[in-house]
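It should be emphasised that the depicted structure is a prediction, and the values quoted were computed from it without experimental measurement. These numbers come from the heavy atoms of this one structure, side chains and all, not from hydrogens, waters or symmetry mates.
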Amino acid sequence: MVRFKNRYVLCEVVSEDPRCRQCIEDRAVGLAVREAIGRVHGDYGLACCSISFTVKYLNAYTGAVLLRCRKDSYRLLCSALPFVRQLESRNQRYPCALNTLHVGGTIRTCQKFLIQYNRRQLLMLLQNCTNEEERRCIQKSLLSCSLTEEQSQSGDEEDDDGME
């Protein structure tokens, strides 16, 4: 039996209006990414990327998106992400962009990177605080950033060889 290796691409939804991120669904992100791959790489690229492409995680509040694709075609996916200019959800179009943050071999490595990334963002916010109440709120958020160990490991997280 052959095991197919995957790559996980961690992206961030960047938009001028932060409220539009809360209306976005994972189905809308998947359709927009597939459409961008089709425009940039044609039918061949779309077929290569569609084999195991899924949106594994979407956080509407932070705008973090985790995409999974085959190891062979993750470069096609990453090269098409800058061409996503809008997401359509509930019959409304939201102008936005997808910023690639990290490419990893497992969901766990992407989680670790996302925690460190969020911690750095919170530290930048902490430096820009104007009063003591904001400072205490952000410090509380910083202290709550941690990755807890789970008892059972899933099969998606076995390959931990990072990037090629």
Side-chain angles (χ1 to χ4, degrees), residues 3-122 124-125 141 144-145 147-148 150 153-164:
R3 193 176 125 222
F4 295 106
K5 293 188 177 185
N6 294 311
R7 286 290 173 256
Y8 296 90
V9 180
L10 182 64
C11 302
E12 165 182 50
V13 177
V14 180
S15 65
E16 293 177 8
D17 185 16
R19 291 177 296 170
C20 79
R21 290 192 300 212
Q22 296 175 0
C23 300
I24 296 171
E25 301 168 344
D26 56 348
R27 196 181 107 254
V29 174
L31 289 173
V33 170
R34 280 190 178 103
E35 182 182 304
I37 292 170
R39 273 185 286 143
V40 174
H41 298 292
D43 291 340
Y44 172 76
L46 188 59
C48 287
C49 290
S50 291
I51 294 172
S52 70
F53 175 77
T54 56
V55 178
K56 294 298 279 185
Y57 174 73
L58 171 67
N59 189 332
Y61 296 105
T62 62
V65 179
L66 187 64
L67 306 171
R68 182 188 76 185
C69 68
R70 283 259 179 100
K71 183 180 177 181
D72 301 338
S73 60
Y74 82 94
R75 287 189 179 104
L76 294 173
L77 172 68
C78 290
S79 65
L81 288 177
F83 295 97
V84 174
R85 291 289 168 219
Q86 64 184 3
L87 297 175
E88 187 173 341
S89 181
R90 299 181 188 133
N91 295 328
Q92 288 188 334
R93 292 184 177 177
Y94 302 103
C96 65
L98 290 178
N99 181 20
T100 304
L101 299 176
H102 180 72
V103 177
T106 64
I107 294 175
R108 185 161 176 81
T109 58
C110 292
Q111 284 177 329
K112 287 179 182 180
F113 177 83
L114 187 59
I115 289 171
Q116 292 300 318
Y117 178 77
N118 287 336
R119 194 173 280 164
R120 280 178 285 181
Q121 298 290 59
L122 286 171
M124 285 192 294
L125 283 175
S141 296
S144 70
C145 290
L147 184 63
T148 58
E150 290 185 25
Q153 296 286 332
S154 71
D156 288 341
E157 299 177 351
E158 292 177 2
D159 177 29
D160 194 14
D161 57 355
M163 291 183 61
E164 282 186 12

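- Between L66 and V55 there is no side-chain heavy-atom pair separated by less than 4.5 Å.
- Listed by first and then second residue, the side chain to side chain donor-acceptor pair (under 3.5 Å) pairs that reach into residues 26-39 come to none, sequence neighbours excluded.
- Partners of R90 under the salt bridge (Lys or Arg N to Asp or Glu O under 4.0 Å) rule, at least two apart in sequence or in another chain, are E25.
- Side chains of L98 and V33 form a contact here, defined as non-hydrogen atoms less than 4.5 Å apart.
- Judged by the 6.0 Å distance and 45° axis criteria, R7 is not positioned over the aromatic ring of F53.
- Counted within 6.0 Å of CD on E16, heavy atoms from surrounding residues, nucleotides or ligands total 12 or fewer; the atom is thus considered open.
- Interatomic distance, OG of S52 versus CG of N6, reported as 4.5 Å (0.5 Å rounding).
- The side-chain hydrogen bond (donor to acceptor under 3.5 Å, both in side chains) search around N91 returns none, not counting sequence neighbours.
- Remark: side-chain polar atoms of T54 are not paired, donor with acceptor, to backbone N or O of K56 under 3.5 angstrom.
- Between V9 and C78, the closest side-chain pair of non-hydrogen atoms falls below 4.5 Å.
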Stepwise side chain to side chain contact (heavy atoms under 4.5 Å, CB included) test for Y8 and V103: CA-CA 6 Å; Y8 296 90; V103 177; over 6 Å; no

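- Not a single salt bridge (Lys or Arg N to Asp or Glu O under 4.0 Å) links D43 to another residue, sequence neighbours left out.
- Atom NZ of residue K112 and atom NE2 of residue H102 lie 10.5 Å apart, to the nearest 0.5 angstrom.
- Counting only distance, with no hydrogens or angles, the side chain of S50 and the backbone of A47 share no donor-acceptor pair below 3.5 Å.
- Taken to the nearest 0.5 Å, the SG atom of C48 stands 10.0 Å off from the CD1 atom of I37.
- At least one side-chain heavy atom of S73 sits under 4.5 Å from a side-chain heavy atom of C49.
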C11 vs N99, side chain to side chain contact (heavy atoms under 4.5 Å, CB included): CA-CA, chis, key distance, verdict: CA-CA 5 Å; C11 302; N99 181 20; over 6 Å; no

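- Annotation for L76 and G45: closest pair CD1-CA, 4.1 Å, computed over non-hydrogen atoms.
- The distance from the CD1 atom of I107 to the CG atom of L10 is 11.0 Å, given to the nearest 0.5 Å.
- Side-chain contact check for Y94 versus Q92: some heavy-atom pair is nearer than 4.5 Å.
- Among residues two or more places apart in sequence or in another chain, the side-chain hydrogen bond (donor to acceptor under 3.5 Å, both in side chains) test is passed with H41 by S79.
- The shortest side-chain heavy-atom distance between C96 and V14 does not fall under the 4.5 Å cut-off.
- A search for side-chain hydrogen bond (donor to acceptor under 3.5 Å, both in side chains) contacts involving Q121 returns Y117, not counting sequence neighbours.
- Using a 4.5 Å heavy-atom cutoff, the side chains of N118 and I115 are not in contact.
- Partners of N59 under the side chain to side chain contact (heavy atoms under 4.5 Å, CB included) rule, at least two apart in sequence or in another chain, are Y57, Y61, T62, A64.
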Per-pair distances, 0.1 Å, donor-acceptor, side chain in residues 81-89, under 3.5 Å, sequence neighbours excluded:
residue	atom	partner	partner atom	Å
R85	NH2	P82	O	3.1
E88	OE1	R93	NE	3.4
S89	OG	C23	O	2.9

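- We find the CZ-CG distance between R120 and L122 to be 11.5 Å, quoted to the nearest 0.5 Å.
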